[in-house]
Amino acid sequence: MTPSRSTPRAGTPRASTPGSTRAATAGSPRTSARRTTTTSRQAAPRAAAPARRTPARRPPAARPPAPAREPGNPERRQRWLIVAAAIVLALFVGRLVQVQVVQGPALAAAAQADRLTTSVTLAHRGDIVDANGTVLATSVDRYTVVADQVAIQGFRGNGRVDTEGEPVEDGALGIAQLLGPVLGKSKAELGAQLNGDRRYVVLAKDVVPEVQRAIADLRLQAYVRTDLTSRRTYPAGTVAGTLVGFVNDEQKGAGGIEAAYDDALAGTDGKLVFERGRDGVMIPTAASEAVEAVPGDDVVLTIDADVQWKAEDLLDQAVRDTGAQYGMAIVSDVRTGELLALADSGDVDPNDRSTAKVAEGSRAVKDVFEPGSTGKVVSVAAALEEGYWKPTDRFEVPYRFTTPNGQTFKDSHEHPVQRLTLAGVLAHSSNTGTVQMGEKIPVQVRYDYLRKFGFGERTGLGLPGESAGLLPSEDTLRHDARTPYTILFGQGLAVSALQATQVFSTVANGGVRLTPTLFAGTRSADGAFTPAPREDGVRVVSQETADTLLRMLEAVTGEEGTGTTAQVPGYRVAGKTGTAQLFESGGTRYMASFIGVAPADDPRFTVAVFLKDPKSSIYGGVVAGPVFSDLMAYALQKAGVPPSEPAAEDEQIPLEW
């Protein structure tokens, strides 16, 4: 029988104190105790089933007694609390410094920028007026009605009633109830426009000031605003329609005078920068900055609206009577170069933008054509000025004439050989006589005088789309067999109606070519008028040559000339007929014209009339002469020009010999 580990041996007393126990244990070697323990374990009976042998466990070491806790230290706890509080305070102070000092200006600026709004004050566009102050173009105030769909979501009726006495609902329907009757829209239609999440929705354009004031009375500024715009109107309608031009949607000049003088007309927009509250209304005590708009200047034209109307009316009638494709007419003051009329046939109203007619511009400056017999004036001027011929020099003029280089030319109609002076050659508009005269003039001189009279370059009028015309090169004139002769009678080159007119104005002005102009000057908003600068004229021929040529041209409207229909009762008229061929797709067309000056004894006006492809007759003296007569008579009488004295016998140049 194996003794139990917990039973002491017989005769051995139980240790009663810790001290005795430690003494006994100290007297036994550590190995003996380990062996004794093993022996006692081996004596225990084994289980029937084999078991895994486990290592012997070491008895747990005795835990040392816990040290006695020291009493708490309040001062140290306070120090830690102070440190923690100081750290938290430092964080708050740092953040405050960051927000107030470092980021303060930027945050304040951002907040102000969120409140700031800029309202553009449109500058009033200047008017376009004629020489007598008749308004041809002006601007009127209009408004664009704009809604903020996001802000409208917060609208509240607050007991308001609409025009029918119904309570005003909240949101878009409530705004529609109030605004619909003013804009003339139904509640359903307007409500659909006001619903959404856009900040800018156009509800109506071109709203008149009366409607704008009615909208303002609704006190809906936080939800609906009215932006000032402008609309250009043309009170004269079709009078000078192609000349005045038009503006685009941004109210910028896009054609005619509107485009040519846009810088003067436009002015400078102003602005108002202010802070607004949540209701969209300006904060009265907040800072604001205003820059006043500077209105544009009025542009004063040299055009006389009455003369312009008369020219257009006569052209329209002539187109109907002759079956012409279109017509052009110009009235110019000989002494100044100012244009009283620059007219095209056909009704063109700048108020009507449904067609592209207003954008086409005036044909009188953009279309080019052969001048025909009116070009003979340049050739005769060169012959007289350079001393190659005198007005009374004699020519035998056949129907056909062949030059030494084999080029054959003929007149407009058959006739026997005529015995004509140089004045007679011009009065009868003979091509063969002109070629004979021109043979004596060097080719370079012919070219130089075309240039001196302004062919091949723009006139300086300044209208958009003006053409410089077409002039053969000097090399062409030197090497081509036919062109050096055709330019003598107005073929083989192309000019605009204004360029052709300027030849006669130069002769009537004593041989000095002036730059034509439509621009008299500007008038500021305070009424101060600033005249347009004027360029000095350029002398082309001498006063003597100009006077002689003018007397020769007077014979054209005499009984033996080709322009008898251009006579003006009571006034002496000097001028020239023209019939030029136009080779276009589909066949030959004609430009019939008459250009003349009156009074011939003291020139005041140059009038030119052109009809494209007339069907009743191709001759300028037949179709253009009568229109010239009526238009010149109207201009002279309106200006109060006294009638002419009859020509003295010694002023008349013989046409035949």
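In this chain, numbering begins with 1 at the start of the sequence shown.
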- Message: Please check this pair: side chain of D613 against backbone of M591, looking for a donor-acceptor N/O pair closer than 3.5 Å.
- Response: no
- Item | Residue pair T434 / V425, side-chain heavy-atom distance below 4.5 Å | yes
- Tell me, do T606 and V331 make a side-chain contact under 4.5 Å, heavy atoms counted? no
- Query: Salt bridge check: are E554 and R572 linked by an N-O gap of less than 4.0 Å?
  - Reply: yes
- Task: Assess the side chains of S429 and K376: does a donor N or O sit below 3.5 Å from an acceptor N or O?
- Result: yes
- Query: Angle class for the F489/F409 ring planes (parallel below 30°, perpendicular above 60°, tilted otherwise)?
  - Reply: perpendicular
- Any chance NZ of K390 has more than 12 other-residue heavy atoms, nucleotides or ligands included, within less than 6.0 Å? no
- Please confirm whether the backbone N or O of L422 pairs with a side-chain atom of D393, one donor and one acceptor, at under 3.5 Å? no
- Can you list every salt bridge (charged side-chain N to carboxylate O under 4.0 Å, His left out) pair that touches residues 499-524, not counting sequence neighbours? E457-R513
- Query: Is the closest side-chain donor-acceptor distance between S345 and D316 under 3.5 Å?
  - Reply: no
- Roughly how far apart are I330 CD1 and I595 CD1, rounded to 0.5 Å? 8.0 Å
- Side-chain touch L340/Q308, heavy atoms, less than 4.5 angstrom: no
- Counting only heavy atoms not in D602, do more than 12 sit closer than 6.0 Å to its CG atom? no
- Below 4.5 Å, heavy atoms only, C-beta onward: do T564 and T557 meet side chain to side chain? no
- Note on the structure: Across all chains, not counting sequence neighbours, the side chain to side chain contact (heavy atoms under 4.5 Å, CB included) partners of P442 are Y388, V445
- Query: When you measure from the side chain of D333 to the backbone N and O of G337, does any donor-acceptor pair fall under 3.5 Å?
  - Reply: no
- Task: Using the six-membered ring of F246, assess whether NZ or CZ of R232 lies under 6.0 Å from its centre and within 45 degrees of the ring axis.
- Result: no
- Message: How long is the straight-line distance from NZ of K366 back to CG of L463, given to the nearest 0.5 Å?
- Response: 12.0 Å
- Message: With rounding to the nearest 0.5 angstrom, report the CD1 to CD1 distance, I128 to I303.
- Response: 11.5 Å
- Do side-chain atoms of N509 reach the backbone of R335 as a donor and acceptor pair under 3.5 angstrom? no
- For V641, what residues pass the side chain to side chain contact (heavy atoms under 4.5 Å, CB included) criterion, not counting sequence neighbours? Y571, P599, R604, F605, L636, A639
- Message: Under the rule for ring-ring contact (aromatic ring centres under 6.0 Å, His included), what residues qualify as partners of W309, not counting sequence neighbours?
- Response: none
- Item | Donor-acceptor pair, side chain of E560 and main chain of L655, under 3.5 angstrom | no
- Item | Point-to-point distance, once rounded to the nearest 0.5 Å, from OG of S412 to OH of Y399 | 8.5 Å
- Verify the distance criterion only: is there a donor paired with an acceptor across the side chains of D297 and S524 at less than 3.5 Å? no
- Please name all residues satisfying salt bridge (Lys or Arg N to Asp or Glu O under 4.0 Å) with R451, sequence neighbours left out, ordered by chain then number. none
- Spell out, as yes or no, whether a donor-acceptor pair under 3.5 Å connects the side chain of S373 to the backbone of G578. no
- Where is the tightest heavy-atom contact between A381 and L549, given as atom of each residue plus distance? CB-CD2, 3.8 Å
- Item | V348: partners by side chain to side chain contact (heavy atoms under 4.5 Å, CB included), with sequence neighbours left out | T242, K357, V358
- Message: Test your reading of the model: is there a side-chain donor-acceptor pair from R458 to the backbone of E466, 3.5 Å cut-off?
- Response: yes
- Task: Answer yes or no: is there a side-chain heavy-atom contact under 4.5 Å between D127 and L136?
- Result: no
- Task: With sequence neighbours left out, write down each residue that passes salt bridge (Lys or Arg N to Asp or Glu O under 4.0 Å) with R539, or none if nothing qualifies.
- Result: none
- Residue pairs, two or more places apart or on separate chains, that pass side chain to side chain donor-acceptor pair (under 3.5 Å) and touch residues 619-638: D304-K638
- Message: Can you tell me if K452 has over 12 outside heavy atoms packed within less than 6.0 Å of its NZ?
- Response: yes
- Please identify each residue that fulfils salt bridge (Lys or Arg N to Asp or Glu O under 4.0 Å) with D262, with sequence neighbours left out. R125
- Nearest atoms (heavy-atom pairs only) where G621 meets P626: O-CD, 4.0 Å
- Note on the structure: Here the ring pair (Phe, Tyr, Trp, His ring centres under 6.0 Å) pairs for residues 354-373, sequence neighbours left out, are F369-F610
- Polar side-chain atom of S332 near backbone of V334 as donor-acceptor pair, under 3.5 Å: no
- Side-chain donor-acceptor contact under 3.5 Å, Q543 with D547: yes
- Judged by atom type as modelled, is there a donor-acceptor pair below 3.5 Å linking the side chain of T322 to the main-chain atoms of P614? no
- Message: Between T577 and T562, does the side chain to side chain donor-acceptor pair (under 3.5 Å) criterion hold? Intermediate values first, please.
- Response: CA-CA 7 Å; T577 57; T562 59; 2.8 Å; yes
- Y234 and E258: side-chain donor and acceptor closer than 3.5 Å? yes
- Query: Partners of S542 by side chain to side chain contact (heavy atoms under 4.5 Å, CB included), sequence neighbours excluded?
  - Reply: E385, E544, T545
- Is the backbone of G241 close enough, under 3.5 Å, to the side chain of T238 for a donor and an acceptor to pair up by distance? no
- Message: Could you go through L265 and D298, starting from their C-alpha distance and side-chain angles, then the distance that decides it, and tell me whether this counts as side chain to side chain contact (heavy atoms under 4.5 Å, CB included)?
- Response: CA-CA 6 Å; L265 291 164; D298 293 342; 6.0 Å; no
- ring pair (Phe, Tyr, Trp, His ring centres under 6.0 Å) contacts touching residues 500-555 (sequence neighbours left out): Y261-F519
- Over all atoms of both residues, closest heavy-atom pair of A423 and I653: CB-CG2, 3.6 Å
- Is any side-chain heavy atom of R534 closer than 4.5 Å to a side-chain heavy atom of T517? yes
- Message: For S473 and T476, which I'm curious about, is there any donor-acceptor pair between the side chains at under 3.5 Å?
- Response: yes
- Message: I need the E474 CD to Y447 OH distance, nearest 0.5 Å.
- Response: 4.5 Å
- Message: Before you tell me yes or no, could you show the steps for F594 and F628 under ring pair (Phe, Tyr, Trp, His ring centres under 6.0 Å), namely the whole-Å CA-CA distance, both residues' side-chain angles and the distance that decides it to 0.1 Å?
- Response: CA-CA 7 Å; F594 187 92; F628 167 90; 4.8 Å; yes
- Item | Heavy-atom side-chain contact between V507 and V597 under 4.5 Å | no
- Message: Can you confirm whether P391 sits close enough to L384 that some side-chain heavy atom of one is under 4.5 Å from a side-chain heavy atom of the other?
- Response: yes
- Correct closest heavy-atom pair for D344 and S362 would be OD1-OG, 2.8 Å
- Note on the structure: Residues A264 and V299: closest non-hydrogen pair is CB-CG2, 4.4 Å
- Note on the structure: Here the gap from L243 atom CG to L339 atom CG, rounded to the nearest 0.5 Å, amounts to 8.5 Å
